[in-house]
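The figures that follow rest on heavy atoms only: side chains count, while hydrogens, waters and symmetry mates do not. Keep in mind it's a predicted model, so treat the numbers as computed, not measured. Letters A, B, ... are given to chains in the order of the sequence lines, protein chains preceding strands, and every chain is numbered from 1.
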There are 2 protein chains.
Amino acid sequence: MDIRTTSTVFLVDDDEDLRNVVAFHLKNAGIHVQQYAAANEFLTGFEPDQPGCLLLDIYMSGMSGLELQKKLNQQHIQIPIIIMTSQGDVPTAVQAMKAGAIDYIEKPLDKDILLERVHECLILDSSHRDKTARLSRYSHCLSGLTRREYEVMELMVAGKMNKVIAAELKISQRTVEDHRASIMDKLKAKSIADVVRIYLLSQY
Amino acid sequence: MDIRTTSTVFLVDDDEDLRNVVAFHLKNAGIHVQQYAAANEFLTGFEPDQPGCLLLDIYMSGMSGLELQKKLNQQHIQIPIIIMTSQGDVPTAVQAMKAGAIDYIEKPLDKDILLERVHECLILDSSHRDKTARLSRYSHCLSGLTRREYEVMELMVAGKMNKVIAAELKISQRTVEDHRASIMDKLKAKSIADVVRIYLLSQY
DNA sequence: CCTCGCATCCGTATTATCCCGGATTTCACC
DNA sequence: GGTGAAATCCGGGATAATACGGATGCGAGG
């Protein structure tokens, strides 16, 4: 699957001319582009499930690029960000990088460098999404467990024997075995090893 | 344990006056300091097991701060780095941050900010060392296993039963049980769950 | 009101694992 | 050429886990 057909570059800049130039180049390279004239516009219109990356001007009227970055961080939206800037000053650049920006490039933008960096970001986002998708599949299974089953699983993962679990939860060993069976069933696990793996991976 | 007594700030700058001023402030705050006039001097004299952080001037005669950073990355030395600079230019700052610098501060240095950032870095290094120490304790145990035991462990962790493992390795089930026992012994694991956990954590 | 899912319990039978103690081959190191 | 560790094998008995089949109380929702 070509990453260009599944991903979108979100271009946020209040300079319409620059947006058009950048969008032109990206589209020429076969990359989908969505434009926003302001940070706010992006925040409300953006769909976090859409893979892609963010090309963000740092100096904008209204919300600045740094503020937008901060809001995205607060909402745990992990889209890769490339900051664009005209008037480069070091503290701002450092702040943006510390806030997790992948790159920080100065205008005037070099078309080839931009394309290269965008491509890197799209790949990064894609592999990041793969990882989180795997994790969320596990946690989805885990959330299908009842409270009791979850308790039993925690003790199982801690390596305790059924009889010990029974004693600790003050239920019969036979009941523990029942829970264990339905845990394995729901998690589609074929062994205790699988359960431990799923449990550990879901805890990052 | 006070982090200031166990950690050292490595101060690398070819400006002796600045070194003295910075070292004075750090020592006043109770922090150990080791000075180096050049990147090379640091590279040869530095002991990676010593906890601490690196205060690094970026423009130096001989090896530059960026080059030193690169060498440390190549050697997988993960000490936190604060870059200091007089003539700030954005691309260099961005490059340093992308290479993993924790911070990038411009001269003239503000004493209080410097102390705060240094403190953050020392804490970061300390917690990082804790994590890697835990990991290496596990992988140390793992490296104590014989080839055969390691093979058996991999199959155990994959959730296979002893009889299946025996069939796959073409050895008797009883032998698998022996190996299993010595694996548990060497890893100080009390259950299969423990083994899986150690195995997974050692694989990051 | 009745159903359905959850949590609880039970016996029995089979299978797997763990622990006891002992034994052989091979290979490397002294 | 002996010593020792690794890898292999064995039997038997205790303990634990799994599977089959069935049962009760309880609370939420149609």
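Between A:Asp15 and A:Arg19, no side-chain nitrogen of the basic residue sits less than 4.0 Å from a carboxylate oxygen of the acidic one, so the salt-bridge criterion is not met. Salt bridge status for A:Arg174 with A:Glu177: present, with a side-chain N to carboxylate O gap under 4.0 Å. Salt-bridge check for A:Arg129 with A:Asp125: passed, with a basic side-chain N closer than 4.0 Å to an acidic carboxylate O.
Counting only N and O atoms by type, the side chains of A:Ser86 and A:Glu106 include no donor and acceptor under 3.5 Å apart. One side chain, B:Thr92 or B:Asp89, offers a donor N or O that lies under 3.5 Å from an acceptor on the other.
Here the side chains of B:His32 and B:Val9 are not in contact, with every heavy-atom distance at 4.5 Å or above. Residues A:Val94 and A:Pro91 form no side-chain contact, since every pair of their non-hydrogen atoms from C-beta on lies 4.5 Å or further apart.
In this structure, B:Asp194 atom CG and C:dC18 atom C1' are separated by 16 Å, rounded to whole Å.
Among A:Asn20, A:Val22, A:Asp13, the one residue that satisfies the side-chain contact (heavy atoms from CB on, under 4.5 Å) test with A:Gln35 is A:Asn20.
Taking every heavy atom of residues 171-190 of chain A and every atom of DNA chain D, pairs under 4.0 Å involve A:Arg174, A:Glu177, A:Arg180, by number. Within residues 141-169 of chain B, the residues having any heavy atom closer than 4.0 Å to DNA chain C are, in order of number, B:Met161, B:Asn162, B:Lys163.
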